[in-house]
Amino acid sequence: MYRFIPILILLAACAENDLPEPGSAEVDAAPVDLAFCKGEPFADSVGQPVSTIQASLPERSRVLGPDDIATQDYRIDRLNVYVNGAGVIQRLTCG
């Protein structure tokens, strides 16, 4: 039985990856409902510096940079603001 393990590992390595690349159109294609986390007023802020809206963000919101560490717990009432290295807002999500 153990002699089949290398073959299975080789087959798994050759399998196709159907996951979309991060930042591709497939990942961002679904509309985001920001009503749950009070993020609707900030929906038009994508492409602007986060400093323009940071003072008025809801209480449970968090700003996440490209190298920031974030917990994996899902909170529907929390607004996530994703920014690039220059502090420009890339996307908004609830969770």
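As the structure is a prediction and not an experimental result, all values here were calculated from the model.
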So with a 6.0 Å cut-off around CZ of F36, is the heavy-atom count from everything else above 12?
->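 No, because the 6.0 Å sphere around CZ of F36 holds 12 heavy atoms or fewer from other groups.
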Flag if over 12 foreign heavy atoms under 6.0 Å of CG, D44 =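 Counting neighbours around CG of D44, 12 or fewer heavy atoms of other residues, nucleotides or ligands fall under 6.0 Å, so no.
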Is the side chain of Q90 donor-acceptor paired with the backbone N or O of V88 at a distance under 3.5 Å, no angle test?
->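 Yes: the side chain of Q90 pairs with the backbone of V88.
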With no hydrogens and no angle check, is any side-chain donor or acceptor of R78 less than 3.5 Å from a backbone partner on G95?
->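 Judged by distance alone, yes, a pair lies under 3.5 Å.
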What distance do I76 atom CD1 and C37 atom SG have between them, rounded to the nearest 0.5 Å?
->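 Between I76 CD1 and C37 SG, I get 7.0 Å after rounding to 0.5 Å.
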Given the rule that I, L, V, M, F, W and Y join up when any side-chain heavy atoms are under 4.5 Å apart, are L64 and I89 in one cluster?
->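 They do not share one cluster, since no chain of ILVMFWY contacts under 4.5 Å joins L64 to I89.
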Can you name the side chain to side chain donor-acceptor pair (under 3.5 Å) partners of R60, sequence neighbours left out?
->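 Per chain and number, R60 pairs via side chain to side chain donor-acceptor pair (under 3.5 Å) with D77.
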Does the side chain to side chain contact (heavy atoms under 4.5 Å, CB included) test come out yes or no for R75 and D73, once each step is laid out?
-> CA-CA 6 Å; R75 299 182 140 214; D73 62 326; 3.6 Å; yes
Can you tell if the side chain of S56 reaches within under 4.5 Å of the side chain of F42, non-hydrogen atoms only?
->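 A side-chain contact exists here, since the closest heavy-atom pair is under 4.5 Å.
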Non-hydrogen side-chain atoms of R62 and T71 separated by less than 4.5 Å |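 Counting from C-beta outward, R62 and T71 do come under 4.5 Å.
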L92 vs Y82, side chain to side chain contact (heavy atoms under 4.5 Å, CB included): CA-CA, chis, key distance, verdict = CA-CA 6 Å; L92 302 169; Y82 293 92; over 6 Å; no
Give the intermediate values and the outcome of side chain to side chain contact (heavy atoms under 4.5 Å, CB included) for residues C94 and L34.
-> CA-CA 6 Å; C94 293; L34 299 173; 4.1 Å; yes
Please step through side chain to side chain contact (heavy atoms under 4.5 Å, CB included) for the pair L79 and L57, ending with a clear verdict.
-> CA-CA 8 Å; L79 176 65; L57 289 174; 4.0 Å; yes
